[in-house]
Amino acid sequence: MKVIPLTGTIGAEIVGARVTDPDDFQQIFDAFAAHSVVVIRDQQCTPGDHLAFARRFGQINVNRFFKPVVGYPEIATVLKEKDQTEAVGEGWHTDHSYDEVPAMGSILRALEVPPFGGDTLFVSMAAAYEALSPSMRKFVDGLSAVHSSRHVFGSSIRDSEAATSGRLGNANAATQDATHPVVITHPISGRRGLYVNPVFTTHIQGLNPDESLAILAMIYEHCKQPEFQCRIRWSAGDITIWDNRATWHKAINDYHGFRRLMHRVTIEGVPLGAAVAA
Ligand code: SIN
């Protein structure tokens with residue numbers, strides 16, 4: 001098995017591994033821990049194989065809002081039909097940050113991809129944190145932020161294309177609010193990283209609303225720098241695993257007129273610890 005870094009910052013491609021081979025798992029896990037995002041190409045894999053692979057990382061964390069795959073309630077469908085315009089996940093985010101114990105990672109399997117476009121971008125939140133000035137790091141280290149599912153999956157999105165097409169549902173279950181440190185110590189690497197995101201974070205605690213908006217806007221612009229990113233170009237059969245505590249991701253919506261179908265499994269995490277004691 002070979003692990004080939006995609007950039008100097010984040011992401012790797014694993015060559016010569018099979019997700020169905022238990023003997024390959026430890027090396028896949030080590031690459032995931034080291035690079036935060038790993039893509040394994042051309043896997044002959046069933047939904048059952050996808051789940052079995054995910055269970056090697058931990059318990060499955062079932063998404064409440066994405067349409068499940070028929071017969072596999074633990075697998076979320078990530079779909080854009082050729083006549084649809086909105087892509088699920090097209091805003092920068094990390095999965096399930098609205099939960100008290102947010103998901104550790106997600107495993108996305110490509111079933112049908114457009115002839116061009118539909119890539120997924122990732123950001124290293126540790127690299128973004130480390131590139132802040134020492135004074136700004138000191139300021140954000142002690143902060144906490146509130147994350148919510150309400151404004152993203154609740155009844156306010158009932159008229160959106162994703163909701164009316166049935167890709168997102170269960171709006172009544174969008175009741176999660178969670179407070180997390182703005183800077184976490186990563187549970188696996190021990191590295192500090194930013195843990196706020198433009199989709200689910202509502203505000204920073206203890207700042208007035210204008211201050212919170214301004215600080216979050218500054219952090220978000222900072223994190224979007226290409227130097228902190230890698231980009232996965234998909235083919236059908238590819239599987240990408242990412243660490244939700246170490247990354248943001250964004251589905252690029254640039255393939256109108258074509259269908260893109262992915263299956264996603266999300267894995268349970270642990271409570272997040274702050275970079276500094278409160
Ligand atoms: C997601 O946000 O989990 C989906 C990412 C993608 O479709 O590329």
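The figures here come from the full heavy-atom set of this structure, side chains too, leaving out hydrogens, waters and symmetry mates. Note that ligands are numbered from 1 as they come in the structure, with each ligand's atoms numbered from 1 the same way.
Ionic pairing of Glu130 and Arg191 is present here: one or more N-O contacts between side-chain nitrogen and carboxylate oxygen are shorter than 4.0 angstrom. Taking 4.0 Å as the cut-off between side-chain N and carboxylate O, Arg55 and Glu74 count as a salt-bridged pair.
Closer than 4.0 angstrom to ligand 1 lie heavy atoms from Val78, Gly89, His93, Asp95, Leu108, Thr120, Trp242, His249, Ala251, Arg260, Arg264.
Cation-pi geometry between Arg64 and Phe153 is not met: the NZ or CZ atom fails to fall both under 6.0 Å from the ring centre and inside 45° of the normal.
Here the two rings, on Tyr220 and Trp92, have centers that are 6.0 Å apart or farther.
The number of heavy-atom neighbours closer than 6.0 Å to NZ of Lys224, taken from other residues, nucleotides and ligands shown, is above 12.
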Going by atom type alone, with no hydrogens or angles, which donor-acceptor pairs under 3.5 Å involve a side-chain atom of residues 103-110 and a protein atom two or more places apart or on another chain?
residue : atom : partner : partner atom : Å
Ser106  : OG   : Asp95   : OD2          : 2.6
Ser106  : OG   : Asn244  : ND2          : 3.0
Arg109  : NH1  : Cys45   : O            : 2.7

